[in-house]
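For reference, the structure is listed below as structure tokens.
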Protein chains: 2
Amino acid sequence: MKLSDRQQRMYDFIRDFFQENQYPPTIREIGEAVDISSTSVVNYNLNKLVEAGLIERNKEVSRGIRLSETPGFSLGGLFSRSVPILGHIAAGQPITVFPDERDSADTLDLASDVVGRAQEVYALRVQGDSMIDALVDSGDLVILNYQKTANNGDMVAAWLTDREETTLKYFFLEGNQVRLQPANANYDPIIVPADKVEVQGKVIAIIRQLG
Amino acid sequence: MKLSDRQQRMYDFIRDFFQENQYPPTIREIGEAVDISSTSVVNYNLNKLVEAGLIERNKEVSRGIRLSETPGFSLGGLFSRSVPILGHIAAGQPITVFPDERDSADTLDLASDVVGRAQEVYALRVQGDSMIDALVDSGDLVILNYQKTANNGDMVAAWLTDREETTLKYFFLEGNQVRLQPANANYDPIIVPADKVEVQGKVIAIIRQLG
DNA sequence: TTGTATCACGAACGAGTGTTCTAGTCAAAT
DNA sequence: ATTTGACTAGAACACTCGTTCGTGATACAA
């Protein structure tokens with residue numbers, strides 16, 4: 001279905017308005033924006049947009065206009081997760097991370113497709129190559145779900161209370177010891193008593209951005 | 001500032017309502033949801049939420065409530081990019097991809113942080129291990145920007161017109177030949193005349209999701 | 001011409017909706 | 001006991017806003 005110039009302008013306005021105000025415009029606001037004096041004309045063309053599948057309307061509801069999802073754009077969840085990048089994590093020379101700091105201006109928006117149902121999510125930038133065999137490179141972003149426990153084989157960020165270091169490794173609980181296994185033949189596993197290790201989170205995704 | 005139980009329920013309702021309907025609720029709808037008979041009480045507590053910085057209000061505008069951005073949530077752009085997952089791409093036994101098919105129900109929502117300013121973006125799921133040394137595993141999602149040209153060293157999806165195959169490789173233009181270099185010592189580079197290769201897109205990001 | 005479909009205009013109706021005013025409750029402070 | 005501040009209730013008002021109706025212009029087909 002082809003849109004008239006007017007209808008196209010209306011649709012553009014609705015989208016822009018929605019983006020700006022976070023709520024849809026009223027019929028009269030649309031009319032004013034596209035120079036239509038009559039609300040019934042706006043209403044008429046609004047219904048055309050519905051027929052065209054571009055928007056949806058709720059009857060008798062003020063501002064009851066919704067943008068349909070169109071290819072290329074999604075309102076998916078409408079909320080993307082704003083994931084704080086809390087700092088760097090090592091794999092080699094461990095570095096302190098502060099999972100409690102929420103001030104960090106650095107955040108990454110992720111749609112829930114990537115993050116999933118995870119509860120408390122944060123990101124760390126990897127430094128070092130100790131997880132290289134797990135296909136995690138220096139510079140990659142690892143997305144973690146904050147949790148204090150892990151299963152064997154999970155890739156976790158672990159806090160070593162004795163060394164006061166945090167490191168990215170595979171987690172294995174063996175008796176009352178924890179083996180933190182790097183994925184790099186050049187590094188040895190770290191084996192410490194279970195009570196000297198605090199799991200900071202489990203890696204749920206890895207993102208690498210290329211130039 | 002601490003929220004009363006009522007205010008917390010109101011905020012939750014507003015967020016859920018907005019998520020569901022794509023427009024904010026009216027005062028009376030809020031009141032009904034949290035069992036407040038008086039609109040003035042809703043109005044009163046709504047102003048408390050404004051003071052707490054959780055929402056913003058527009059005076060004398062129906063449904064004039066906006067959610068403030070709070071840590072953990074972002075309305076970022078409000079629109080995320082809906083990236084179609086067009087299929088699998090090989091690295092070994094190449095598989096045909098159809099960059100023109102937009103019907104694929106499989107899409108991935110990505111916030112613009114990951115996608116960047118890229119224009120036409122699509123995703124492919126990697127099959128095979130020919131790029132393993134580039135830390136791209138079988139099962140990974142590669143995000144590509146659709147473009148017909150590439151620079152030397154770019155990781156690209158390339159269409160081989162003779163073989164009618166698409167493959168994921170590093171791109172090198174050498175004279176009037178193109179070398180498609182795998183990142184796996186077990187595979188040999190593919191060298192073909194430049195006019196027998198069509199670049200389908202350049203990899204801009206790699207995403208791996210773990211259990 | 002006549003009929004029909006599309007689109008536009010203006011006006012009015014009535015329900016939707018934010019605002020405001022008065023009054024009341026309750027706990028803590030004076 | 002009195003006052004103060006925080007919160008709740010109910011009602012009324014006036015503007016907001018979707019809907020509907022009558023009218024008319026234009027284009028195209030019968």
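FYI, side chains are in, hydrogens and waters are out, and symmetry mates aren't considered; it's all heavy atoms of this structure. Order of the sequence lines sets the chain letters (A, B, ...), proteins ahead of strands, with each chain counted from 1.
Looking at residues two or more places apart in sequence or on another chain, you find no side chain to side chain contact (heavy atoms under 4.5 Å, CB included) involving S37(A). Judged as a side chain to side chain contact (heavy atoms under 4.5 Å, CB included), and not counting sequence neighbours, the contacts of D154(B) are A150(B), N151(B), V156(B), K202(B). Looking at residues two or more places apart in sequence or on another chain, you find no side chain to side chain contact (heavy atoms under 4.5 Å, CB included) involving D16(A). F13(A) pairs by the ring-ring contact (aromatic ring centres under 6.0 Å, His included) definition with F17(A), not counting sequence neighbours. Annotation: salt bridge (charged side-chain N to carboxylate O under 4.0 Å, His left out) contacts of D5(B) (sequence neighbours excluded): R9(B). With sequence neighbours excluded, the residues that form a salt bridge (charged side-chain N to carboxylate O under 4.0 Å, His left out) with D162(A) are K196(A). Residues that satisfy the side chain to side chain contact (heavy atoms under 4.5 Å, CB included) test with V41(B), not counting sequence neighbours, are R6(B), I36(B), S38(B), N45(B).
Once you apply a 4.0 Å limit to the heavy atoms of chain B, the touched nucleotides of DNA chain D run 5' to 3' over dA6(D) to dC17(D).
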Protein-to-nucleotide contact annotation, 5' to 3' order, nucleotides 7-17 of chain C [B base; S sugar-phosphate only; - none; under 4.0 Å, heavy atom]:
BSBBBB----B
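Looking only at distances, no side-chain donor or acceptor of R208(A) sits under 3.5 Å from a matching main-chain atom of I206(B).
Spacing between atom CG of L49(A) and atom P of dT6(C) amounts to 16 Å, rounded to whole angstrom units.
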